[in-house]
Amino acid sequence: MDFESCSALIAMSGGVDSSVAAYLMIAAGFRCTGAVMHLHGSTGRDVEDARRVAGALGIPFEVLDYSREFRECVIDQFVRVYEAGGTPNPCIECNRCLKFGRLLEAASARGLECVATGHYARVEFDAPSGRWLLKKALHQEKDQSYVLYMLTQAQLARVRFPLGGMEKSAVRALAEQLGFLNAEKQDSQDICFIPDGDYGAFLEQYTGKTYPEGAFLDLEGREVGRHRGAVRYTLGQRKGLGLAMGAPVYVCGKSMSGNTVTVGPEDVLYTRTVRAKGMNWIPFEALRSPLRVTAKTRYRQREQAATVYPEGAHGARVEFDAPQRAVTPGQALVLYDGDTVVGGGTITGTE
């Protein structure tokens with residue numbers, strides 16, 4: 001398809017980041033169209049805030065109804081992973097399927113060159129390798145490269161992150177200067193479709209199931225109490241267990257088929273070896289030999305030194321220099337070389 005050069009579909013959420021991203025794209029000379037994705041967690045206020053910012057900027061605006069796709073790609077997958085004993089990251093699936101899947105398709109249908117979002121990350125083209133690179137935001141505390149590791153070369157070529165070189169305080173200051181109504185609007189902290197954070201209650205309401213209570217087991221397999229449904233517990237959890245065992249205990253494992261939750265001392269949670277599937281490599285097509293990297297197994301974790309080894313067509317094994325706590329299947333394993341994202345995938349297990 002032929003795209004109109006210097007044209008962009010702006011993913012607007014009603015928040016300050018996407019609003020400033022829209023302004024910066026216009027200031028850079030792009031012809032822009034604003035779009036809000038109507039999803040499960042969208043609110044009327046968010047849509048109206050985005051509409052008013054688009055009006056202030058003088059750009060076309062539309063609401064794209066992706067509620068069905070959100071349910072199928074994000075919520076249903078969220079349920080499947082929890083019921084299988086993992087802990088999913090729905091923001092990553094939303095980015096994969098919607099923000100950089102359906103939105104790019106929408107941009108193409110409108111003849112627009114790229115999609116711009118308010119993510120804090122950077123994209124650069126590396127001429128020697130001929131590949132697009134994903135890099136951390138310059139403001140490390142706001143960096144969101146962890147939830148963008150799945151971007152392909154085709155997607156990286158058509159996404160723009162105008163906030164990648166800015167600090168959040170500067171973004172808010174610019175929004176105030178521009179008179180945006182959402183300049184002081186707070187960032188969303190929770191999963192949009194579970195605003196109260198009660199995953200167990202959401203799973204039961206959404207599926208219509210009642211997840212039965214079962215046995216808490218110690219490391220020797222002896223029952224030490226009763227739990228409220230294995231889906232309600234995550235590896236490393238201490239609070240809310242309701243067990244009096246004379247010393248602190250943590251969730252160390254789950255059997256979904258047996259509906260049991262194993263607890264034990266904290267030192268059981270540590271491991272050096274992590275395996276992942278569905279690896280997306282960014283600076284190169286495939287990993288063919290061991291590589292020194294830093295790695296994260298959780299969004300807010302500080303990167304840890306490690307070596308990554310290829311395993312099969314799309315798998316990887318990471319050996320950390322130091323043991324890591326409560327590495328959880330279903331979460332993302334993301335690898336870095338300095339400020340460049342090497343790649344990432346979904347954690348399948350540990351040794």
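Excluded from the calculations below are hydrogen atoms, water molecules and symmetry mates; all remaining heavy atoms, backbone and side chain alike, are included. These figures come from a predicted structure and were not determined experimentally. We count residues from 1, following the sequence as given.
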Practice item. Answer yes when Lys209 and Glu204 have at least one side-chain N-carboxylate O distance shorter than 4.0 Å, and no when they do not. Key: no
Review point. Would you say the ring centroid of Phe193 lies under 6.0 angstrom from that of Phe202?
Key: yes
Exercise for review: Identify whether the distance between the nearest side-chain nitrogen and carboxylate oxygen of Glu176 and Arg172 falls below 4.0 Å.
Suggested key: no
Check your understanding: Donor-acceptor pair, Asn259 side chain versus Pro212 backbone, under 3.5 Å?
Key -> yes
**Study point:** Cationic N near anionic O, under 4.0 Å, Lys142 to Glu167
**Key:** no
Point to revise | Sidechain N-carboxylate O distance under 4.0 Å for Asp76, Arg80 | key: no
Check your understanding: Would you say Arg160's side chain and Val115's backbone share a donor-acceptor pair under 3.5 angstrom?
Key -> no
Point to revise | CZ (Arg131) with more than 12 external heavy atoms under 6.0 Å | key: yes
Point to revise | Carboxylate-amine/guanidinium proximity below 4.0 Å for Glu319 and Arg275 | key: no
Check your understanding: Should Cys97 and Glu69 count as side-chain neighbours, where that means a heavy-atom distance under 4.5 Å?
Key -> no
**Study point:** Whether Gln331 side chain and Pro88 backbone form a donor-acceptor pair below 3.5 Å
**Key:** yes
Review point. Is the number of heavy atoms from other residues, nucleotides or ligands within 6.0 Å of NZ (Lys277) greater than 12?
Key: no
Review point. Are Arg317 and Tyr309 in a cation-pi contact, defined as NZ or CZ under 6.0 Å from the six-membered ring centre and within 45° of the axis?
Key: yes
Check your understanding: Between Glu48 and Arg45, is there a salt bridge with N-O shorter than 4.0 Å?
Key -> no
Exercise for review: Give a yes or no on whether a salt bridge exists between Glu266 and Arg325, defined as a side-chain N under 4.0 angstrom from a carboxylate O.
Suggested key: yes
Review point. Does the distance from a Lys or Arg side-chain N to an Asp or Glu carboxylate O, for Arg226 and Glu213, drop under 4.0 Å?
Key: yes
Practice item. Verify whether the ring centers belonging to Tyr233 and Phe216 lie closer than 6.0 Å. Key: yes
Exercise for review: For Glu93 and Pro90, indicate whether the former's side chain and the latter's backbone hold a donor-acceptor pair under 3.5 Å.
Suggested key: no
Practice item. Can you see which heavy atom on Leu133 is nearest to which on Ile282, and at what distance? Key: CA-CG2, 4.1 Å
Practice item. Starting from the C-alpha separation in whole Å, work towards a yes-or-no answer on side chain to side chain donor-acceptor pair (under 3.5 Å) for Asp17 and Tyr120. Key: CA-CA 9 Å; Asp17 291 331; Tyr120 287 83; 2.8 Å; yes
Review point. Testing Lys136, Lys296, Arg298 for salt bridge (charged side-chain N to carboxylate O under 4.0 Å, His left out) with Glu303, which one passes?
Key: Lys136
Check your understanding: Tyr82: what forms a ring pair (Phe, Tyr, Trp, His ring centres under 6.0 Å) with it, not counting sequence neighbours?
Key -> Phe78, Tyr199
Exercise for review: Taking atom CD of Glu220 as the centre, report whether more than 12 heavy atoms of other residues, nucleotides or ligands fall under 6.0 Å from it.
Suggested key: yes
Review point. So, Phe100 versus His119, ring centres under 6.0 angstrom or not?
Key: yes
**Study point:** Test item: side-chain donor near acceptor, Ser19 and Asn182, under 3.5 Å
**Key:** yes
Check your understanding: Without hydrogens or angle criteria, can the side chains of Gln153 and Glu285 be said to hold a donor-acceptor pair below 3.5 Å?
Key -> no
Review point. If we ignore angles and hydrogens, is there a donor and acceptor under 3.5 Å between the side chains of Glu83 and Tyr211?
Key: yes
Practice item. For atom CZ of Phe61, decide whether the heavy atoms of other residues, nucleotides or ligands shown that lie under 6.0 angstrom number more than 12. Key: yes
Check your understanding: What do the steps show when you test Ile347 against Val274 for side chain to side chain contact (heavy atoms under 4.5 Å, CB included), and what is the final call?
Key -> CA-CA 7 Å; Ile347 296 170; Val274 178; 4.0 Å; yes
Exercise for review: Using only heavy-atom distances, determine whether the side chains of Arg292 and Thr307 contain a donor-acceptor pair under 3.5 Å.
Suggested key: yes
Exercise for review: Hey, could you give me each pair passing ring pair (Phe, Tyr, Trp, His ring centres under 6.0 Å) that has a residue in residues 317-351? Not counting sequence neighbours.
Suggested key: none
Check your understanding: Can you get from Val261 to Tyr250 by hopping between Ile, Leu, Val, Met, Phe, Trp and Tyr side chains that sit under 4.5 Å apart?
Key -> no
Review point. With a 3.5 Å cut-off and no angle check, do the side chains of Ser129 and Asp126 form a donor-acceptor pair?
Key: yes
Point to revise | Check: Ser7 side chain, Glu113 main-chain N or O, donor-acceptor pair, under 3.5 Å | key: yes
Practice item. Kindly indicate, with the supporting measurements, whether the criterion salt bridge (Lys or Arg N to Asp or Glu O under 4.0 Å) is fulfilled by Arg122 and Asp339. Key: CA-CA 10 Å; Arg122 294 177 293 148; Asp339 65 352; 2.9 Å; yes
Review point. Who pairs with Thr271 by side-chain hydrogen bond (donor to acceptor under 3.5 Å, both in side chains), at least two apart in sequence or on another chain?
Key: none
